[in-house]
Amino acid sequence: MILVTGAAGLIGSHLVDSLLETGHKVVGIDDLSYGSLDNLKQARQYENFFFDQKNVLNIASLTMNFKTVFHLASIKKTPSGQGYSGLRKNIEMGMAVADYCISTNARLVFTSTSDVYGNSDTYIETTPYDLGPPTEERYSYAMSKACQEQYFLGLCEEGQLDVVIPRIFGCFSERSNHGWSGGHIPIFIDKAMKSADIEIHGDGSQSRCMSFATDIAYTLAKLYPRDTLTGEIVNIGNTEEMSVLESAKLIRKLCKSTSKFRFVNKHGDYREIKSRIPNLDKAKNFLDHETTMTTKEGIQRVINEWKK
């Protein structure tokens, strides 16, 4: 039996689907502060799936035994002034999950983020952290993930915890939040479908590699019940690079939208990452990771679904 925290979120819900499709029994927990039950419509058709609306901090109250815990629940982005509280909550959830895994002898798959690379020039798992100043609130999410990575790997080194840490690069799907927490692709699609202004930070030349969330979930599912990557970090994403401005233009075209672009500077002391291309050698070698959908195909799928 497998436990997925943050099961009603973007990646969590697709991971649940992927695990169920391969015959696993899955329990999902989510307090629905960010996730949506709509994301679990497919999963709830399976007899092997059970959902519990529960805060991760209460994970110890679960009475079932799990071989693996996929910990995806986290506060990614918060309104200004709440970033540091999000950092604390993420760390507290991580510690609760680790305690639970140790006490039940379950394997932990902790989904970290490419944000921990900060402004590094390379995106290899061994690249040192290059985050910005702690006074800049926007780094709080990445710092919370980095702190948990260090804590979990330390426990693993001590022989207390079996853990593997996939670092997820940007992804989206039709289950993405339409607002600020969904990332730039869903925001642009939502605005373009309404022919509303599309806000672009800086000049839009910064590039990202955006995967479709089903591809991310499929590779994540392969971490059960593997043990070859215990105590390791592995990047999961794709290498198809597209600038923010290019994606906005493509979305506007596919939506046949009359949206206008508004270029704004909202970075403050945050050093904008100009290019983020993951090194995927480890994921390909150990997990046969591959992507099946291009960014354009993914965007078109979201547009088609959101038009329904």
Side-chain angles (χ1 to χ4, degrees), residues 5-6 10-12 14-15 18 68-74 76 87 90-91 94-95 97-98 101 107-132 139-171 183 206-213 215-241 271 273-292:
T5 76
L10 169 62
I11 302 175
H14 284 297
L15 173 61
S18 186
T68 298
V69 175
F70 286 87
H71 179 38
L72 288 86
S74 68
K76 182 176 181 181
L87 181 150
N90 284 344
I91 293 174
M95 294 179 71
V97 170
C101 289
R107 185 178 210 219
L108 172 60
V109 179
F110 170 61
T111 54
S112 188
T113 172
S114 61
D115 285 359
V116 300
Y117 288 109
N119 291 276
S120 299
D121 293 326
T122 60
Y123 294 91
I124 304 172
E125 290 86 350
T126 53
T127 299
Y129 298 135
D130 185 25
L131 296 175
Y139 290 108
S140 297
Y141 172 65
M143 288 179 176
S144 76
K145 291 289 190 176
C147 181
Q148 290 176 85
E149 285 188 1
Q150 190 80 18
Y151 181 62
F152 297 149
L153 291 175
L155 291 173
C156 184
E157 182 69 21
E158 294 170 358
Q160 297 187 57
L161 180 67
D162 176 3
V163 64
V164 58
I165 301 175
R167 284 179 180 162
I168 310 301
F169 284 71
C171 66
Q206 63 273 30
S207 65
R208 298 292 182 266
C209 297
M210 300 296 294
S211 301
F212 203 74
D215 286 334
I216 298 293
Y218 181 73
T219 297
L220 278 178
K222 292 181 180 180
L223 290 170
Y224 175 88
R226 290 174 179 264
D227 57 7
T228 54
L229 289 174
T230 294
E232 304 235 14
I233 297 168
V234 56
N235 292 332
I236 299 179
N238 75 23
T239 55
E240 182 191 356
E241 189 177 17
R271 293 176 294 163
I273 300 166
K274 297 301 294 182
S275 179
R276 182 179 285 175
I277 307 174
N279 181 297
L280 300 175
D281 290 346
K282 185 182 285 189
K284 291 177 179 178
N285 291 336
F286 289 94
L287 301 173
D288 296 322
H289 173 60
E290 61 179 358
T291 53
T292 62

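Note that the coordinates shown come from a computational prediction; the quantities given were computed from them, not determined experimentally.
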Query - Backbone of Leu287 reached by a side-chain donor or acceptor of Arg226 within 3.5 Å - result: no
Query raised in the report: Are side-chain N/O atoms of Tyr117 and Glu125 paired as donor and acceptor at under 3.5 Å?
Result: no
Requested in this report: For the residue pair Tyr218 and Ser18, establish whether any side-chain heavy-atom pair is separated by less than 4.5 Å.
Outcome: yes
Report task. Go through the steps to decide whether Asp215 and Thr291 satisfy the test side chain to side chain donor-acceptor pair (under 3.5 Å), and finish with yes or no. Result -> CA-CA 6 Å; Asp215 286 334; Thr291 53; 5.0 Å; no
Requested in this report: Indicate yes or no: at least one non-hydrogen side-chain atom of Glu157 is less than 4.5 angstrom from one of Phe152.
Outcome: no
Report task. Check whether any side-chain N or O of Thr5 sits under 3.5 Å from a backbone N or O of Ala73 as a donor-acceptor pair, and report yes or no. Result -> yes
Report summary line: In this structure, OH of Tyr151 is separated from CD1 of Ile91 (nearest 0.5 Å) by 11.0 Å
Query raised in the report: Say you draw a straight line from CD of Glu290 to CG of Asp288; how long is it, rounded to the nearest 0.5 Å?
Result: 8.0 Å
Query raised in the report: Counting N and O atoms only, with roles assigned by atom type, does the side chain of Thr219 sit under 3.5 Å from a partner on the main chain of Ile216, one being a donor and the other an acceptor?
Result: no
**Report entry** Interatomic distance, Ile277 atom CD1 to Thr122 atom OG1 [nearest 0.5 angstrom]
**Finding:** 11.5 Å
Query raised in the report: Less than 4.5 Å apart, any side-chain heavy atom of Leu161 and any of Leu108?
Result: yes
Query raised in the report: Would a distance-only check, ignoring hydrogens and angles, find a side-chain to backbone donor-acceptor pair under 3.5 Å from Asn238 to Met210?
Result: yes
Requested in this report: Output yes when Asp115 and Arg276 qualify as a salt bridge under the 4.0 Å nitrogen-oxygen rule, no when they do not.
Outcome: yes
Query raised in the report: Got a sec: does the CG of Asn285 have more than 12 other heavy atoms crowding it under 6.0 Å?
Result: yes
Query raised in the report: Should Val163 and Leu155 count as side-chain neighbours, where that means a heavy-atom distance under 4.5 Å?
Result: no
Query raised in the report: Which is it for Gln206 and Ser275 under the side chain to side chain donor-acceptor pair (under 3.5 Å) test, yes or no, and what are the steps along the way?
Result: CA-CA 6 Å; Gln206 63 273 30; Ser275 179; over 6 Å; no
Report task. Compare every heavy atom of Leu10 with every heavy atom of Cys171, then report the nearest pair and how far apart it is. Result -> O-CD2, 3.9 Å
Query raised in the report: Can you find a heavy atom in the side chain of His71 that is under 4.5 Å from one in the side chain of Thr111?
Result: no
Query raised in the report: Mind checking what makes side chain to side chain contact (heavy atoms under 4.5 Å, CB included) contact with Glu232, not counting sequence neighbours?
Result: Leu229, Lys282
Query raised in the report: With side chains defined as the heavy atoms from C-beta onward, is the minimum distance between Leu220 and Ile236 less than 4.5 Å?
Result: yes
Requested in this report: Walk me through it: do Arg167 and Tyr123 pass the test side chain to side chain donor-acceptor pair (under 3.5 Å)?
Outcome: CA-CA 10 Å; Arg167 284 179 180 162; Tyr123 294 91; over 6 Å; no
Report task. For the residue pair Asp162 and Cys156, establish whether any side-chain heavy-atom pair is separated by less than 4.5 Å. Result -> no
Report task. For residues Ile233 and Ser112, determine if any side-chain heavy atom of one lies less than 4.5 Å from a side-chain heavy atom of the other. Result -> no
**Report entry** Modelled atom types, side-chain donor and acceptor of Ser120 and Asp130, under 3.5 Å
**Finding:** no
Report task. Can you see which heavy atom on Leu223 is nearest to which on Pro166, and at what distance? Result -> CD1-CG, 3.9 Å
Query raised in the report: Is Thr68 reaching over with its side chain to a backbone N or O of Val109, donor-acceptor style, under 3.5 angstrom?
Result: no
Query raised in the report: Hey, is CD on Glu158 packed in by over 12 heavy atoms from elsewhere, all under 6.0 Å?
Result: yes
**Report entry** Nearest-0.5 Å distance, CD1 of residue Ile165 to CD of residue Gln148
**Finding:** 9.0 Å
Query raised in the report: Taking the side chain from Lys274 and the backbone from Asn119, do they hold a donor-acceptor pair closer than 3.5 Å?
Result: no
**Report entry** Short side-chain to backbone donor-acceptor contact, Asn235 and Asn279, under 3.5 Å
**Finding:** yes
Report task. Please identify each residue that fulfils salt bridge (charged side-chain N to carboxylate O under 4.0 Å, His left out) with Glu240, with sequence neighbours left out. Result -> none
Requested in this report: Could you tell me the separation between the OH atom of Tyr129 and the SG atom of Cys147, rounded to the nearest 0.5 Å?
Outcome: 9.0 Å
**Report entry** Nearest-0.5 Å distance, CG of residue Leu87 to OG of residue Ser144
**Finding:** 5.0 Å
Query raised in the report: Counting heavy atoms not belonging to Gln150, are there more than 12 under 6.0 Å from its CD?
Result: no
